[in-house]
Amino acid sequence: MNETVIAIDGPAGSGKSTVARAVAQKLGLAHLDTGAMYRSVALAALRKGVETTDADAMAKLAKKTHVYVGPDGVFVDGVDSTEAIRTEEVTKAVTAAASNPRVREVMVERQRTWITNNGGGVLEGRDIGTVVCPGATVKGYLVADAEVRAQRRAAEHGDAVANDMRRRDRADSTREASPLMRADDAVEIDTTNLSIDEVVDVVVGLVP
Ligand code: DC
């Protein structure tokens with residue numbers, strides 16, 4: 001692989017999104033928020049009345065739902081859903097969607113196509129370094145003290161979302177399908193006491 005792929009994984013509130021976006025901008029690479037893709041499938045299920053725990057129905061829904069995640073927003077079947085995917089309702093529903101192996105299969109394939117189409121890029125998620133792109137040029141695994149992560153979430157999305165973070169972390173880390181995990185060759189970066197710029201510098205410094 002001669003394209004540059006930067007994988008940023010870690011739990012909610014570890015700073016992934018802000019860091020991934022800034023790294024992409026600094027290096028002139030495209031950026032993909034893969035969490036927004038799982039959120040889009042969960043939103044489509046809520047909109048269409050599909051039970052998120054119905055594995056077959058969710059797999060079909062994932063296949064037929066058109067999801068665009070890009071610099072100009074998130075569009076689900078052509079509808080601007082940039083804000084709608086961040087609601088508490090979607091944040092709850094996304095756990096079942098993301099733990100469905102067949103939904104993941106569809107998303108992982110789209111993520112790999114995205115890498116090919118963009119000639120590399122910065123991808124953030126939970127399984128980028130382990131599953132989506134094990135051969136990534138750079139793998140960063142962001143962690144932060146749980147209290148600090150909850151504070152960051154609360155500042156961004158309010159207390160309810162911050163409280164739900166713990167439940168999601170547990171679900172993401174203990175699920176059977178591609179759980180949140182540090183790849184053996186990923187560099188762990190503790191962002192608890194670092195500024196965004198400092199974390200960005202560490203990641204950029206890892207690029208050969
Ligand atoms: O990054 P986020 O909080 O917006 O992600 C939403 C959910 O999707 C989260 O609970 C974990 C899941 N997710 C995943 O399983 N794999 C990814 N690559 C990205 C997100």
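Bear in mind that the values here come from a model prediction, so they are computed numbers and not experimental data. Counting starts at 1 for both ligands and their atoms, in listed order.
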For R47, all residues meeting side chain to side chain donor-acceptor pair (under 3.5 Å), sequence neighbours excluded: S81

Side-chain donor/acceptor of K139 to backbone N/O of G129, under 3.5 Å: yes

Neighbour count >12 (heavy atoms, 6.0 Å) for atom CD, E188: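 Yes, enclosed.
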
Verdict with supporting geometry, D190 and T192, side chain to side chain donor-acceptor pair (under 3.5 Å): CA-CA 6 Å; D190 187 340; T192 308; 2.6 Å; yes

Amino acids contacting ligand 1, non-hydrogen cut-off under 4.0 Å: T34, G35, Y38, R39, R86, V94, A98, R104, G125, R126, D127, R168, D172, R175

Closest heavy-atom pair and its distance - V131, S178: CG2-OG, 3.8 Å

Side chain to side chain, D9 and T130, heavy atoms closer than 4.5 Å: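 Counting from C-beta outward, D9 and T130 never come under 4.5 Å.
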
